[in-house]
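First comes the structure, then the notes that go with it.
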Amino acid sequence: MKSRSSIHNQENILPLSFFDRPTLVVAQELLGKALVHETKQKKLYLIIQEVEAYDGPHDKASHAHRGTTPRNAVMFDEAGHWYLYLVYGMHWMLNITTGPKGYPAAILIRGGYTPEGTLIVGPGKLTKYLDLNCPHNTLPATKKLGLWIEDRGMIIHPKDIIRKKRIGVDYAKEWKDKLYNFSFLL
DNA sequence: ACGATGATGAAC
DNA sequence: TTCATCATCGTA
């Protein structure tokens, strides 16, 4: 039984145990969950529609495959933490870390439905819509610190999950064709 | 098809 | 300290 306040707040924040599982499993289960950004001014959310897995130390598409650096260190740490970084000098990428401590993995959140049902396509557009940038980098997603993921009971049936190659990782040799991109359509 | 735009990491 | 690279996007 959930606590009374949890029900009243309509909040069911995904716990660390959700993220501390195989990355490909977590990636698929993130579809249909609500990504919430709350500040003093406003509360924004999207229903996660497209994700992409970066899994383990050998994945050549992953920032982690050359070992730990100041930027990617959070990928090696505990699951359920945000990894936010800038690409092309202008776009913020939002990732959530997965797997046990010491195992570098994360899931890039690439698309989502707005409350009005508009599909936001692309990780840079998604962070711009939610007004996200560096402040949340490395913070836990499993506490009420302004950015978290909620289960609102939406179920995406496995047969409705579209599985594709990852985008923008053609340099990743034998890892570039892995079907680590997951999405669904309403 | 390409330029914007700046952090990152590896080489030197 | 320099330099190539980049989990992208808007304009053409």
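In what follows, chains are A, B, ... by sequence order, proteins preceding strands, each numbered from 1.
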Would you say the rings of A:F184 and A:H157 are close, in the sense that their centroids are separated by under 6.0 Å? no
Can you give me the N/O atom pairs linking the protein to nucleotides 7-12 of chain B at distances under 3.5 Å, or say none if there are none?
| residue | atom | partner | partner atom | Å |
| --- | --- | --- | --- | --- |
| B:dG9 | OP1 | A:T69 | OG1 | 2.3 |

If you measure only the distance, is there a donor-acceptor pair under 3.5 Å linking the side chains of A:Y83 and A:H63? yes
No-hydrogen, no-angle side-chain donor-acceptor test under 3.5 Å, A:E116 and A:T118: no
Member of A:K60, A:K165, A:R166, A:K164 meeting the salt bridge (Lys or Arg N to Asp or Glu O under 4.0 Å) criterion with A:D177: A:K165
Can you pull every protein N or O that's under 3.5 Å from an N or O on nucleotides 8-11 of chain C?
| residue | atom | partner | partner atom | Å |
| --- | --- | --- | --- | --- |
| C:dT8 | OP1 | A:R110 | NH1 | 3.3 |
| C:dT8 | O2 | A:H91 | NE2 | 2.9 |
| C:dC9 | OP1 | A:G122 | O | 3.4 |
| C:dC9 | OP1 | A:P123 | N | 3.3 |
| C:dC9 | OP1 | A:G124 | N | 2.8 |
| C:dC9 | OP1 | A:K125 | N | 3.1 |
| C:dC9 | O4' | A:H91 | NE2 | 3.1 |

Any A:Y85 side-chain nitrogen or oxygen under 4.0 Å from OP1 or OP2 of C:dC6: no
Hey, what do you get for CD1 (A:I107) to OG1 (A:T98), rounding to the nearest 0.5 Å? 5.0 Å
Between A:N181 and A:E52, is there a side-chain donor-acceptor contact under 3.5 Å, judged purely by atom types and distance? yes
Looking only at side-chain N and O atoms, does A:D55 offer a donor or acceptor that is under 3.5 Å from a partner on A:Y103? yes
Pair assignment for C:dC6, Watson-Crick or G-U wobble, requiring both distances under 3.5 Å: B:dG6
Okay, side chain of A:H37, backbone of A:L130: is any donor-acceptor separation there less than 3.5 Å? yes
